[in-house]
Amino acid sequence: MIAVLKSSATKEQIEKLIAWLKSKKLAVHLSEGEFCTILGLVGDTSQIDIGLVEGLDIVASVKRISEPFKRANRKFHPDDSVIDICGLKIGGSDFQIMAGPCSVESKEQILGIAKSVHASGASILRGGAFKPRTSPYDFQGLRADGIELLLEAKKQTGMPIVSEIMNANHLPMFEQVDIIQVGARSMQNFEMLKELGMTKKPILLKRGFSNTLQELLMSAEYIMAGGNNNVILCERGIRTFETCTRNTLDISAVPMLRELSHLPVVVDPSHASGIARLVKPMAMAAVAAGAHGLMIEVHNDPQSALCDGAQSLTPEQFSETAERIRKVREAVAA
């Protein structure tokens, strides 16, 4: 349920109403937008008399939210959420590119890639320290050593880092990681999502291979229900009947998610196709569709990469792609 307040409502009146609603065992989310103030109510709202609340002098209207996701719902929070990442903003009119290797392999590799993508316009360094792989015999990542190498790259470039977590027990190792990524395989690891909800770190939540947008938003709801509203949604392609590409990029997810939710939406065109030559056109399409950011895999020697080399751009290819992205953003903004 949401209560839209009149612009004439005073701070004292709002606080008094919130206190009364909390006495009814409801969680109250206050959203102060540019044009209106909204109280989002979560809990058993069946006990609330809509007519009684709507009759209050400071209330303009009251509506029940039919969708199961509440905190992630744009009705709850009409203005775009903007997430702060070490001073960088993502969401609203703020756009960021996350770039780096699928897996951290060595100090020389991650430092070289970090410096090159930073010079080409990337603002956040991505890199996998823990790698969920379909085969138990494939490279699983450098784990804690990989995080240390990412932190060294951050120190040398100033770029915040994003890396994937696979187990809530690993959280202590992610204390200095700026954005914690929840991978497609973990999107419905609800116990881990609850743990991440108790942190204040930005969470990059990837859509599962075969999950609906509502299921993605319900996973975001798990994190936000714990008190962490710093959630970034990521479309990374879904599994369809098509076999020409690794996955199928659901470009319609970008405007649809922006309509349904106030959370920032980024796109991973690398995992969406699994083919390096398709990354640039899909990245441009994502920007044109309204994405708040991109996550692109870059490797200095894709043919020798220990993970996902086929979808990784070289630093030179990334530089060209970043320039194209800049031009598309300028065209869309015009």
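Below, each value reflects all heavy atoms present in this structure, side chains not excepted, and no hydrogens, waters or symmetry copies.
Residues F130 and A144 share a closest heavy-atom pair of CZ-N, 4.1 Å. In terms of heavy-atom proximity, S116 sits nearest to I113 at OG-O, 2.9 Å. In this structure, D79 and R74 approach most closely via the heavy-atom pair C-NH1, 3.9 Å. Considering all non-hydrogen atoms of both residues, I83 and P264 come closest at CG1-CG, 3.7 Å. In this structure, L125 and G100 approach most closely via the heavy-atom pair CD1-CA, 4.2 Å. Minimum interatomic distance between M187 and K206 (heavy atoms only, all atoms of both residues): CG-O, 3.2 Å.
Applying the salt bridge (charged side-chain N to carboxylate O under 4.0 Å, His left out) rule to K70 yields no partners; only residues at least two apart in sequence or on another chain are considered.
Hydrophobic clustering of Ile, Leu, Val, Met, Phe, Trp and Tyr side chains at less than 4.5 Å, counting indirect connections, keeps V162 apart from L294. Residues V182 and L171 share a hydrophobic cluster, clusters being chains of Ile/Leu/Val/Met/Phe/Trp/Tyr side chains in contact below 4.5 Å. In the hydrophobic cluster analysis, where Ile, Leu, Val, Met, Phe, Trp and Tyr join through side-chain heavy atoms closer than 4.5 angstrom, M166 is grouped apart from M295. A continuous path of Ile, Leu, Val, Met, Phe, Trp and Tyr side chains, each step under 4.5 Å between heavy atoms, connects L30 with V53, placing both in one hydrophobic cluster. In this structure, F69 is a member of the same hydrophobic cluster as M256, with clusters built from ILVMFWY side-chain heavy atoms closer than 4.5 Å.
We find that E67 and K75 are joined by a salt bridge, their nearest charged nitrogen and carboxylate oxygen being less than 4.0 Å apart. Under 4.0 Å is where a charged nitrogen must lie from a carboxylate oxygen, and between D57 and K6 no such pair does. One finds no salt bridge joining K327 and E330 here, because no Lys/Arg side-chain nitrogen approaches an Asp/Glu carboxylate oxygen to under 4.0 Å.
Between the Q109 side chain and the V104 main chain, no donor and acceptor come within less than 3.5 Å of each other. No donor-acceptor distance shorter than 3.5 angstrom exists from the side chain of D178 to the backbone of I85, with no hydrogens or angles considered. The backbone N or O of E297 lies less than 3.5 Å from a partner atom in the side chain of S270, making a donor-acceptor pair. For the pair R207 (side chain) and N211 (backbone), a donor-acceptor distance under 3.5 Å is present. A donor-acceptor contact shorter than 3.5 Å is absent between the side chain of S186 and the backbone of N189. Although no hydrogens or angles enter the test, the distance criterion places no donor-acceptor pair under 3.5 Å between the side chain of S261 and the main chain of L257. Looking only at distances, no side-chain donor or acceptor of S103 sits under 3.5 Å from a matching main-chain atom of G128. The backbone N or O of I147 sits nowhere less than 3.5 Å from a side-chain atom of Q176 that would complete a donor-acceptor pair. Judged by distance alone, with hydrogens and angles left aside, the side-chain atoms of E235 form no donor-acceptor pair with the main-chain N or O of V254 at under 3.5 Å.
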I'd like a table of donor-acceptor pairs (distance under 3.5 Å, sequence neighbours excluded) in which one partner is a side-chain atom from residues 225-234, with atom names and distances.
| unit_1 | atom_1 | unit_2 | atom_2 | d |
| --- | --- | --- | --- | --- |
| N228 | OD1 | N230 | N | 3.0 |
| N228 | OD1 | N230 | ND2 | 3.4 |
| N228 | ND2 | L196 | O | 3.3 |
| N228 | ND2 | T199 | O | 3.2 |
| N228 | ND2 | T199 | OG1 | 3.4 |
| N228 | ND2 | K201 | O | 2.9 |
| N230 | ND2 | K200 | O | 3.0 |

Validation: residues 272-291 side-chain donor-acceptor distances under 3.5 Å, sequence neighbours left out:
| unit_1 | atom_1 | unit_2 | atom_2 | d |
| --- | --- | --- | --- | --- |
| S273 | OG | I275 | N | 3.1 |
| S273 | OG | I275 | O | 3.2 |
| K280 | NZ | E320 | OE2 | 2.8 |

**Asked** Does the side chain to side chain contact (heavy atoms under 4.5 Å, CB included) test come out yes or no for I296 and V117, once each step is laid out?
**Response** CA-CA 10 Å; I296 297 176; V117 297; over 6 Å; no
**Request:** List the steps and the verdict of side chain to side chain contact (heavy atoms under 4.5 Å, CB included) for L142 and E105.
**Result:** CA-CA 7 Å; L142 297 180; E105 298 172 6; 5.6 Å; no
**Message:** Using side chain to side chain contact (heavy atoms under 4.5 Å, CB included), reason through I165 and V177 one step at a time and then give a plain yes or no.
**Reply:** CA-CA 10 Å; I165 192 169; V177 173; over 6 Å; no
**Prompt:** Between L193 and I203, is a side chain to side chain contact (heavy atoms under 4.5 Å, CB included) present by the stated rule, with each step listed?
**Reply:** CA-CA 10 Å; L193 297 180; I203 307 297; 6.0 Å; no
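Side chains of K11 and E15 form a contact here, defined as non-hydrogen atoms less than 4.5 Å apart. A 4.5 Å side-chain heavy-atom check between K131 and L306 finds every atom pair outside the cut-off. A heavy-atom distance below 4.5 Å is found between the side chains of V59 and L5.
Between the OG atom of S8 and the CD atom of Q13 there is a distance of 7.0 Å, given to the nearest 0.5 Å. To the nearest 0.5 Å, atoms CD (Q188) and OH (Y222) are separated by 9.0 Å. Rounding to the nearest 0.5 Å places CE of M159 at 10.0 Å from CD of Q96. Between the CG atom in D94 and the NE2 atom in H292 there is a gap of 9.0 Å [rounded to 0.5 Å]. With rounding to the nearest 0.5 angstrom, the CD atom of Q311 is 4.5 Å from the CZ atom of R246. Between atom CD1 of residue I179 and atom CE of residue M98 there is a gap of 4.5 Å, rounded to the nearest 0.5 Å.
Think of F241 as one node in a network of Ile, Leu, Val, Met, Phe, Trp and Tyr side chains linked at under 4.5 Å; it has no links at all. When hydrophobic residues (I, L, V, M, F, W, Y) are linked wherever their side-chain heavy atoms come within less than 4.5 Å, the members clustered with F76 are I2, V4, I38, V42, I65.
Within 6.0 Å of CD in E12 there are 12 or fewer heavy atoms belonging to other residues, nucleotides or ligands.
Contacts classified as side-chain hydrogen bond (donor to acceptor under 3.5 Å, both in side chains) and involving residues 18-33 (residues at least two apart or in different chains) are not found.
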